[in-house]
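A short write-up of the structure that comes next.
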Amino acid sequence: MAGTTPQPTSRTRSWWGWGWTDAHPDDAECAAMGALLPGTLSRPLPVPRVGDLGIARPAAEPPRSLAHLVSADPGDRAAHAMGKAYRDVVRALRGRPGRIPDLVARPTDDRGVADLLDWAGERQVAVVPYGGGSSVSGGVEYRGDAHGAVMSLDLTAMGRVLEVDTEGRAARIQAGTLGPSLEDQLRPHGLTLRHFPQSFEFSTLGGWLATRAGGHYATGRTHIDDFVQSLRVVTPAGTSSSWRLPASGAGPSPDRLFLGSEGALGVITEAWVRLQERPRHKASAAVAFTDFQDALRAVRALAQSDLSPANCRLLDSGEAALSGAAHDGSSVLVLGFESADEPVTGRLERAVALARSHGGRYGGADGSGGREESPDGDAAVSAWRSAFLRMPYLRDGLARMGAVAETFETAATWDRIPALIDEVRREVGEAALKATGHPATVNCRLTHVYPDGAAPYFTVLAAGRAGDELAVWDDLKAVASEVLHRHRATITHHHAVGRDHRPGYDRQRPEPFALALRAAKGALDPRGILNPGVLVD
């Protein structure tokens with residue numbers, strides 16, 4: 001039994017920035033934000049227009065048999081030229097979006113995907129698989145000039161839940177299904193995938209799978225990998241369809257080959273994914289800490305307990321102030337629990353008690369009283385949640401003011417976490433001061449926690465150099481990457497490698513694995529048309 005495809009919204013997506021056009025900060029709000037950051041522009045850069053890009057005619061034309069699947073509309077092409085990283089936003093604002101695809105294809109089934117790949121292979125047209133376009137690592141754009149034409153392969157016309165197995169709590173879902181549509185189609189069955197990345201509204205199941213995306217939840221099933229039963233992948237060498245199984249020890253997993261492959265090995269078109277009942281019981285709380293090191297120890301204790309909080313996000317003092325969770329220099333631990341079948345207030349109480357035993361204060365940053373349990377959480381939790389959803393829009397507003405405003409994330413073992421965080425803050429801050437002449441803000445939060453380590457997520461706010469903002473950010477990112485490598489921290493915990501993280505990824509992966517990956521690329525994509533430059537050359 002399958003769900004029905006919801007009707008599309010009438011709101012307009014921004015072609016150059018994050019999310020909906022009607023949710024972007026206006027000029028006055030941009031200017032007000034810029035006034036808080038020394039060294040920014042006196043007025044915001046204008047919102048870019050597609051008509052100013054001078055988009056050339058397509059360098060390729062599809063055959064008549066595929067023409068109904070393909071668009072050459074300039075606005076459509078511009079919207080598929082880049083992802084939504086800070087680098088992408090600034091390039092659009094400065095009128096330098098890079099190589100704009102010649103065509104945008106929207107297949108409606110596997111046959112269409114295969115036919116498009118066959119044609120592209122014959123014509124040496126580069127194919128960049130595209131889901132919701134929310135990539136923040138250069139994963140959905142073409143760089144270079146090795147191909148005469150580029151086609152963006154948009155999967156969102158394949159957006160249905162095809163089957164739901166209520167007994168086995170699983171569903172077969174097309175890869176182009178956007179997050180809200182996926183959940184809407186599962187809701188009548190009382191089930192949920194329970195995977196909610198920050199990009200949830202603007203990303204697809206296939207995108208999550210191709211990038212090994214992390215979700216909102218801090219413990220347990222943190223990555224999309226944990227939900228996969230089987231994958232169906234169309235490659236230039238044929239279609240791979242793995243068996244749907246609860247588990248298997250039969251050799252290397254075929255699904256693991258394509259999870260995280262970022263469209264370089266094939267196009268994921270369907271997946272069977274594990275579901276669960278929709279939660280009915282929820283409770284949340286915020287615990288404040290005067291000392292960040294005490295907070296780290298509390299989070300480690302929680303991660304190594306049997307409590308399994310759904311949310312266990314630690315905000316340092318800067319991040320807490322930025323989100324409105326605290327304004328007195330405290331770090332804040334945001335805790336949340338949920339369950340489909342039993343109240344969770346007891347687990348919340350135990351978690352708060354554990355945090356208190358490590359120096360935490362419950363009831364607000366000032367230590368005042370408050371309820372130990374709440375179905376909706378307290379004011380600090382609400383403030384953090386609102387800021388979390390609003391932040392990408394504010395980043396774009398700061399970019400219009402010529403500021404550097406971006407994030408990056410990593411993961412490392414607990415023994416390396418304190419020094420890693422300290423050195424990123426210090427060295428990126430020093431590099432920003434040297435590059436711009438103005439001090440920068442470098443904040444940190446822990447987004448995911450494990451018994452053996454955690455995922456620090458850094459926010460950088462700095463002055464730019466007018467017209468040269470990308471060079472400033474690239475310098476800061478290079479400094480950060482060196483710190484990560486020094487501490488053997490991953491170049492990305494959940495934002496994918498793309499093209500921006502390739503140097504760090506090449507240093508991180510073992511060379512025998514790189515050899516095997518190159519061989520797989522050559523076997524599955526012998527003409528080298530799939531997302532060139534991603535993962536391997």
Side-chain angles (χ1 to χ4, degrees), residues 14 16-19 23-48 84-96 136 198 315-332 383-384 386-409 421-422 424-445 456-480 483:
S14 170
W16 64 272
W18 184 262
H24 277 232
D26 60 20
D27 287 2
E29 187 177 0
C30 290
M33 289 190 293
L36 301 176
L37 195 62
T40 57
L41 301 174
S42 59
R43 63 173 64 90
L45 295 168
V47 173
K84 302 301 181 184
Y86 171 78
R87 298 188 88 258
D88 306 325
V89 170
V90 171
R91 285 186 294 163
L93 288 169
R94 293 295 183 181
R96 302 191 296 266
V136 291
Q198 188 177 27
L315 317 179
D316 72 4
S317 58
E319 196 75 7
L322 192 65
S323 67
H327 297 286
D328 66 346
S330 295
S331 299
V332 174
W384 165 79
S386 297
F388 177 76
L389 297 174
R390 181 67 173 153
M391 192 56 66
Y393 292 102
L394 300 182
R395 180 208 62 177
D396 291 358
L398 284 167
R400 290 186 61 200
M401 296 303 300
V404 173
E406 186 58 303
T407 62
F408 62 94
E409 36 74 38
I421 293 174
D422 287 346
V424 167
R425 285 173 176 155
R426 183 180 68 255
E427 295 186 27
V428 173
E430 290 172 352
L433 180 60
K434 180 179 179 180
T436 69
H438 297 280
T441 297
V442 185
N443 296 331
C444 179
R445 64 183 183 265
Y457 193 114
F458 297 92
T459 299
V460 180
L461 300 174
R465 293 194 301 259
D468 205 21
E469 298 91 349
L470 290 187
V472 174
W473 171 243
D474 288 346
D475 287 347
L476 301 187
K477 183 62 184 263
V479 170
V483 178

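It should be emphasised that the depicted structure is a prediction, and the values quoted were computed from it without experimental measurement.
More than 12 heavy atoms of other residues, nucleotides or ligands shown are found within 6.0 angstrom of CZ on Arg390.
Closest approach of Ser317 to Gly329, counting heavy atoms only: CB-O, 3.2 Å. Thr40 approaches Gly34 most closely through the heavy-atom pair OG1-O, 2.8 Å. Taking every heavy atom of both residues into account, Ser330 and Ala320 meet most closely at O-CB, 3.7 Å. Taking all atoms of both residues into account, the shortest heavy-atom contact from Pro38 to Ala463 is O-CB, 3.2 Å. Ala326 and Val332 get closest at one heavy-atom pair: CB-CG2, 3.6 Å. Taking every heavy atom of both residues into account, Leu93 and Trp16 meet most closely at CD2-CZ3, 3.9 Å.
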Item to check | Stepwise side chain to side chain contact (heavy atoms under 4.5 Å, CB included) test for Glu430 and Val479 | outcome: CA-CA 10 Å; Glu430 290 172 352; Val479 170; over 6 Å; no

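A salt bridge links Glu469 and Arg94; the closest N-O separation between the charged side-chain nitrogens and carboxylate oxygens is under 4.0 Å. The existence of a salt bridge linking Arg425 and Asp316 is confirmed by a sub-4.0 Å separation between a basic side-chain nitrogen and an acidic carboxylate oxygen.
Taking 4.5 Å as the limit, every side-chain heavy atom of Val136 sits out of range of all side-chain heavy atoms of Thr407. Counting heavy atoms from C-beta on, the side chains of Lys477 and Val460 never come closer than 4.5 Å.
With values rounded to the nearest 0.5 angstrom, Glu427 atom CD is found 10.5 Å from Asp422 atom CG. Once rounded to the nearest 0.5 Å, the distance linking CG of Leu476 with CD of Glu406 reads 11.0 Å. For the atom pair Glu29 CD and Tyr393 OH, the distance stands at 12.5 Å (nearest 0.5 Å). Note that OG1 of Thr436 and CG of Asp468 are 11.5 Å apart. Values are rounded to the nearest 0.5 Å. To the nearest 0.5 Å, atom CG of residue Leu470 and atom CZ of residue Arg91 are 7.5 Å apart. Taking CG from Leu322 and CG from Leu315, the interatomic distance works out to 10.0 Å, rounded to the nearest 0.5 Å.
Between Trp473 and Phe408, the ring planes lie tilted relative to each other; the angle falls in the 30° to 60° range.
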N/O donor-acceptor pairs under 3.5 Å from side chains in residues 394-405, not counting sequence neighbours:
residue: Arg395; atom: NH1; partner: Lys84; partner atom: O; Å: 2.8
residue: Arg395; atom: NH2; partner: Lys84; partner atom: O; Å: 2.8
residue: Asp396; atom: OD2; partner: Trp18; partner atom: N; Å: 2.6
residue: Arg400; atom: NE; partner: Leu45; partner atom: O; Å: 2.8
residue: Arg400; atom: NH1; partner: Asp27; partner atom: OD1; Å: 3.1
residue: Arg400; atom: NH2; partner: Asp27; partner atom: OD1; Å: 2.7
residue: Arg400; atom: NH2; partner: Leu45; partner atom: O; Å: 2.9

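A donor-acceptor distance shorter than 3.5 angstrom exists from the side chain of Arg465 to the backbone of Ala435, with no hydrogens or angles considered.
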